[in-house]
Participant: 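This is the structure I want to talk about, given as structure tokens.
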Amino acid sequence: MYDNWDELEKSIVDCKKCRLCENRTNIVFGEGNRDADIMFIGEGPGADEDAQGLPFVGKAGKLMNMAFEGLGINRADVYIANIVKCRPPQNRVPNQDEADGCLNYLRNQVILVKPKIIVLLGSTALKNILGQELSITACRGKWIEKKGIYYMPTWHPAALLRDENKKIEFWNDLKSVAERQ
Ligand code: URA
Ligand code: SF4
């Protein structure tokens with residue numbers, strides 16, 4: 001663990017801890033306010049994120065931005081990161097050894113940001129942060145407190161592209177986040 005961002009960033013620059021290093025264009029470390037009250041955690045970079053080196057800049061990110069705008073959440077005020085920092089081939093779910101290998105970077109980011117609230121975007125984020133036994137269908141929309149941090153599990157924004165009901169639930173979950181801060 002590093003107690004400052006420079007050393008943490010330096011430690012990841014050439015990471016080859018898992019096979020996802022083989023096809024990446026850019027490591028998507030994370031982006032936003034390093035002093036944020038709210039942190040968002042996704043699954044892993046897609047094609048647009050891999051190309052730009054930034055999280056949630058593709059289609060799913062645009063949907064998330066629309067919800068942010070509607071709810072008065074300023075994207076620059078929050079911190080956004082992913083379970084794995086390199087793009088899985090064909091956007092598949094990261095394998096457990098890949099997630100496990102990458103998770104220490106994310107843990108270190110959480111320690112440095114010290115958020116009050118963490119929004120878990122989808123099953124991969126929920127399971128790797130709060131427990132493999134948890135189901136996103138059962139947990140979404142319900143606050144979970146652990147070691148002083150309030151977690152809100154919700155749908156991954158990519159799931160909204162396929163399902164109108166999920167859009168409404170995602171909106172309500174983020175509304176509850178915006179109201180709590
Ligand atoms: N999906 C994710 O889980 N993370 C991103 O950064 C983009 C899409
Ligand atoms: Fe390293 Fe994480 Fe990329 Fe794997 S996904 S190579 S652990 S930065």
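Residue numbers start at 1 and run along the sequence shown. Just so it is clear, the values below take in all heavy atoms, side chains as well, and ignore hydrogens, waters and symmetry mates. Each ligand, and each atom within it, is numbered from 1 in the order the structure gives.
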Participant: Does the pair E49 and R24 meet the rule for a salt bridge (charged side-chain N to carboxylate O under 4.0 Å, His left out), with working shown?
Facilitator: CA-CA 10 Å; E49 290 77 19; R24 74 173 174 231; over 6 Å; no
Participant: May I ask you to list the atoms of ligand 2 that are less than 4.0 angstrom from any heavy atom of C102?
Facilitator: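 Every atom of ligand 2 under 4.0 Å from some heavy atom of C102: 2 (Fe), 5 (S), 7 (S), 8 (S).
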Participant: Give the residue, atom name and distance (to 0.1 Å) of the protein heavy atom nearest atom 2 (C) of ligand 1.
Facilitator: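 Closest protein heavy atom to atom 2 (C) of ligand 1: G44 O, 3.0 Å.
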Participant: Identify the closest protein heavy atom to atom 4 (Fe) of ligand 2: which residue and atom is it, and at what distance?
Facilitator: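 Atom 4 (Fe) of ligand 2 sits closest to the protein heavy atom C18 SG, 2.4 Å.
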Participant: Tell me the contacting part of R24 for ligand 2: side chain, backbone, both, or neither, using a 4.0 Å heavy-atom threshold, strictly below.
Facilitator: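 Side chain only.
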Participant: If you measure every N or O of A60 against every N or O of ligand 1, does any of those distances drop under 3.5 Å?
Facilitator: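 Between A60 and ligand 1 (N or O atoms, distance only) the closest approach is not under 3.5 Å.
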Participant: Do side-chain atoms of N4 reach the backbone of E7 as a donor and acceptor pair under 3.5 angstrom?
Facilitator: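 Yes; judged by distance alone, with no hydrogens or angles, the pair exists.
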Participant: Could you check whether the rings of W143 and Y150 sit parallel, tilted or perpendicular, using 30° and 60° as the cut-offs?
Facilitator: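 Judged by the thresholds at 30° and 60°, the geometry between W143 and Y150 is perpendicular.
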Participant: Provide, to 0.1 Å, the distance between atom 4 (N) of ligand 1 and the closest protein heavy atom, together with that atom's residue and name.
Facilitator: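 Looking only at protein heavy atoms, the one closest to atom 4 (N) of ligand 1 is N82 OD1, 2.8 Å.
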Participant: Under the 3.5 angstrom rule, does the side chain of N26 hit a backbone N or O of D50 as a donor-acceptor pair?
Facilitator: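 A pair under 3.5 Å: yes.
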Participant: If the plane angle is over 60° it's perpendicular, under 30° parallel, otherwise tilted; pick one for F29 and W5.
Facilitator: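 Plane angle over 60°, so perpendicular.
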Participant: With side chain to side chain contact (heavy atoms under 4.5 Å, CB included) as the test, would you mind laying out the steps for L106 and I129 before giving the verdict?
Facilitator: CA-CA 10 Å; L106 183 62; I129 301 294; 3.7 Å; yes
Participant: What residue and atom, counting heavy atoms only, is the protein's closest point to atom 3 (Fe) of ligand 2, and at what distance?
Facilitator: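 Checked against all protein heavy atoms, atom 3 (Fe) of ligand 2 sits closest to C86 SG, 2.3 Å.
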Participant: Could you say whether the N/O atoms of E49 and ligand 1 ever approach to under 3.5 Å?
Facilitator: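 Checking ligand 1 against E49, no N or O pair falls under 3.5 Å apart.
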Participant: So, N128 side chain and T124 main chain: donor-acceptor pair closer than 3.5 Å or not?
Facilitator: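 The answer is yes, because a donor-acceptor pair under 3.5 Å joins these two groups.
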Participant: Which of the numbered atoms in ligand 1 are under 4.0 angstrom from any heavy atom belonging to P55?
Facilitator: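 Every atom of ligand 1 under 4.0 Å from some heavy atom of P55: 6 (O).
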Participant: Please identify which atoms of ligand 2 are closer than 4.0 Å to at least one heavy atom of C15.
Facilitator: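 Heavy-atom distances to C15 below 4.0 Å select 1 (Fe), 6 (S), 7 (S), 8 (S).
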Participant: Numbering the atoms of ligand 1 from 1, which are under 4.0 Å from a heavy atom of E43?
Facilitator: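 Reading through ligand 1 atom by atom, the close ones are 2 (C), 3 (O).
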Participant: Can you tell if the side chain of E9 reaches within under 4.5 Å of the side chain of Y2, non-hydrogen atoms only?
Facilitator: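 Contact flag for E9/Y2 side chains = no.
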Participant: Is there a polar contact between ligand 1 and G42, counting only N or O atoms under 3.5 Å apart?
Facilitator: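 Among all N and O atoms of G42, none is under 3.5 Å from an N or O of ligand 1.
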Participant: Given K85, R19, K17, which has its nearest heavy atom closest to atom 7 (S) of ligand 2?
Facilitator: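 When every heavy atom of K85, R19, K17 is considered, K17 comes closest to atom 7 (S) of ligand 2.
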Participant: Can you report which non-hydrogen protein atom sits closest to atom 8 (C) of ligand 1, along with the distance?
Facilitator: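 Result for atom 8 (C) of ligand 1: F56 CE2, 3.7 Å.
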Participant: Quick test: of every protein heavy atom, which one is nearest to atom 1 (N) of ligand 1, and how far off is it to 0.1 Å?
Facilitator: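 Answer for atom 1 (N) of ligand 1: H156 NE2, 3.2 Å.
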Participant: With a 3.5 Å distance limit and no angle check, can you tell me whether K166 reaches the backbone of W155 through a side-chain donor-acceptor pair?
Facilitator: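 Checked: no pair found.
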Participant: Below 4.0 angstrom, N of the basic side chain to O of the carboxylate: do R92 and E98 qualify?
Facilitator: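 Between E98 and R92 there is a salt bridge, with a charged N closer than 4.0 Å to a carboxylate O.
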